[in-house]
Amino acid sequence: MTAEPVDPKTEILAEEFRRISSESDRRGLALRLFGSVGFYVHAREPGLYGQLGRDRINDLDFIGRAEERGEYKQLFGDLGYDADQDMLVAGEGRRFLYVLAHDRSIEVDLFIDRLEMCHTIELRDRVSLASGTLPLVDLLLEKLQIVELNRKDMVDVVVLLAEHDLGPGAGAVDAGHAARILGDDWGFYYTATENIGRIREFAAGARLDAAARSAVQRRLDALAREIEAAPKTRRWKLRAKIGTRKKWYQEVEDGLAAF
């Protein structure tokens with residue numbers, strides 16, 4: 001199957017990520033990309049995004065550490081970005097928005113220490129484990145925590161799993177880490193396992209060749225098995241008894257959950 005062109009904005013954002021990451025590394029900062037551009041820069045065949053009809057990617061998402069907040073402000077200022085003043089107030093030091101002054105279509109969403117969306121993912125100790133982006137498993141967990149998972153999120157996961165196997169090594173998706181995280185949080189576990197089922201169904205009908213479709217299904221099945229087999233904490237077991245009778249996720253304000 002012939003791959004189709006990727007939306008040009010995606011490659012513009014990928015190039016901007018490389019510019020930011022290079023300067024961040026030069027300054028010795030712990031700043032790592034996640035979000036949809038994070039998936040894109042790991043794609044071995046970026047044309048798969050066009051083939052699957054992935055919607056336009058609109059911004060860059062980074063995670064950093066609290067003690068470097070001032071240095072991130074200096075970094076983005078030096079690179080030509082303005083800080084969004086409304087987010088400075090609303091983010092309460094946990095989230096910042098930067099807009100490129102000469103091209104205001106380019107925005108950077110910066111999270112500090114953790115991702116707090118439908119579920120909370122602690123990330124400050126993860127930023128040192130890979131270069132450029134968060135480890136692949138953290139990119140995956142970022143999508144699996146979305147309660148109202150949409151098509152573009154499923155495309156990101158399908159492309160990732162079409163090209164990257166499960167395993168603990170570099171360039172692989174560490175399913176064991178995902179299983180440990182989900183084994184301590186029933187709510188996140190429930191959302192993630194429901195999403196694995198949705199992605200499996202989506203992949204079955206997606207515009208993939210037989211080998212890629214088989215790889216995605218095989219890896220989703222292996223991921224699900226590892227999650228189920230992992231030990232569950234007492235906290236997980238107590239929350240599991242309540243189940244969906246009580247809301248198991250956090251509400252996310254409209255417009256703040258896009259990656």
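Keep in mind that the numbers below use all heavy atoms, side chains included, and drop hydrogens, waters and symmetry copies.
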Could you tell me whether the side chain of [Y] reaches within less than 4.5 Å of the side chain of [X], counting heavy atoms only?
| X | Y | answer |
| --- | --- | --- |
| Arg95 | Leu110 | no |
| Val158 | Leu208 | yes |
| Leu160 | Val157 | no |
| Gln145 | Thr191 | no |
| His164 | Arg44 | yes |
| Val216 | Arg200 | no |
| Val37 | Thr10 | no |
| Val41 | Thr133 | yes |

**Request:** Please step through side-chain contact (heavy atoms from CB on, under 4.5 Å) for the pair Lys143 and Asn195, ending with a clear verdict.
**Result:** CA-CA 9 Å; Lys143 297 294 185 179; Asn195 281 336; over 6 Å; no
**Item:** Passing option when Phe188 is tested against Leu182, Thr193, Thr120 for side chain to side chain contact (heavy atoms under 4.5 Å, CB included)
**Value:** Leu182
**Request:** Among Ile121, Leu115, Asp138, find the residue that satisfies the side chain to side chain contact (heavy atoms under 4.5 Å, CB included) test when tested with Phe34.
**Result:** Leu115
Does [X] pair with [Y] as a salt bridge, N-O distance under 4.0 Å?
| X | Y | answer |
| --- | --- | --- |
| Glu15 | Arg18 | yes |
| Arg27 | Glu23 | yes |
| Asp184 | Lys232 | no |
| Glu116 | Arg94 | yes |
| Lys73 | Glu68 | no |
| Asp185 | Arg239 | no |
| Arg126 | Glu122 | no |
| Arg151 | Asp55 | no |
| Glu16 | Arg19 | yes |

**Request:** Indicate if Ile242 and Trp236 have the same hydrophobic cluster label, given that clusters are the connected sets of ILVMFWY residues with side-chain heavy-atom separations under 4.5 angstrom.
**Result:**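 No, no single cluster joins them.
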**Prompt:** Going hydrophobic residue to hydrophobic residue with side-chain gaps under 4.5 angstrom, can you get from Ile63 over to Leu129?
**Reply:**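 Different hydrophobic clusters.
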**Item:** Criterion side-chain contact (heavy atoms from CB on, under 4.5 Å) on Ile199 and Met154, from CA distance to verdict
**Value:** CA-CA 6 Å; Ile199 296 164; Met154 291 191 282; 3.8 Å; yes
Is the backbone of [Y] close enough, under 3.5 Å, to the side chain of [X] for a donor and an acceptor to pair up by distance?
| X | Y | value |
| --- | --- | --- |
| Arg213 | Ala204 | yes |
| Arg114 | Leu123 | no |
| Arg32 | Ala130 | yes |
| Glu11 | Lys9 | no |

**Request:** Apply the test side-chain contact (heavy atoms from CB on, under 4.5 Å) to residues Phe39 and Val159: give CA-CA distance (whole Å), side-chain angles for both, the deciding distance (0.1 Å), then the verdict.
**Result:** CA-CA 8 Å; Phe39 283 79; Val159 173; over 6 Å; no
**Request:** Determine, step by step, whether Tyr72 and Phe96 satisfy the side-chain contact (heavy atoms from CB on, under 4.5 Å) criterion, reporting the C-alpha distance in whole Å, the side-chain angles of both residues, the deciding distance to 0.1 Å, and the verdict.
**Result:** CA-CA 10 Å; Tyr72 301 141; Phe96 300 87; over 6 Å; no
**Asked** For the residue pair Phe62 and Phe17, does the interplanar ring angle fall in the parallel (under 30°), tilted (30 to 60°) or perpendicular (over 60°) class?
**Response**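 Tilted: the ring planes of Phe62 and Phe17 meet at 30° to 60°.
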Point-to-point distance, once rounded to the nearest 0.5 Å, from [atom1] of [X] to [atom2] of [Y]:
| X | Y | atom1 | atom2 | answer |
| --- | --- | --- | --- | --- |
| Leu238 | Arg234 | CG | CZ | 5.0 Å |
| Leu139 | Leu144 | CG | CG | 11.0 Å |
| Leu100 | Ile20 | CG | CD1 | 8.0 Å |
| Ile146 | Asp153 | CD1 | CG | 4.0 Å |
| Leu220 | Ile196 | CG | CD1 | 6.5 Å |
| Arg198 | Glu148 | CZ | CD | 9.0 Å |

**Item:** Sub-6.0 Å ring centroid separation between Tyr49 and Tyr40
**Value:**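 Tyr49 vs Tyr40: aromatic centres under 6.0 Å.
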Between the side chains of [X] and [Y], does any donor sit under 3.5 Å from an acceptor?
| X | Y | value |
| --- | --- | --- |
| Tyr81 | Glu107 | no |
| Gln74 | Asp78 | yes |
| Tyr189 | Glu228 | yes |

Minimal non-hydrogen separation, [X] against [Y], with atom names:
| X | Y | answer |
| --- | --- | --- |
| Glu226 | Ala175 | OE1-CB, 3.7 Å |
| Asp156 | Ser36 | OD2-OG, 2.7 Å |
| Asp174 | Pro168 | CG-CA, 4.1 Å |
| Arg124 | Ala66 | NH1-N, 4.0 Å |
| Ala172 | Leu166 | CB-C, 4.2 Å |
| Ser105 | Asp103 | OG-OD1, 2.6 Å |

**Request:** Please indicate whether Glu201 has more than 12 foreign heavy atoms, meaning atoms of other residues, nucleotides or ligands, lying under 6.0 Å from its CD.
**Result:** no
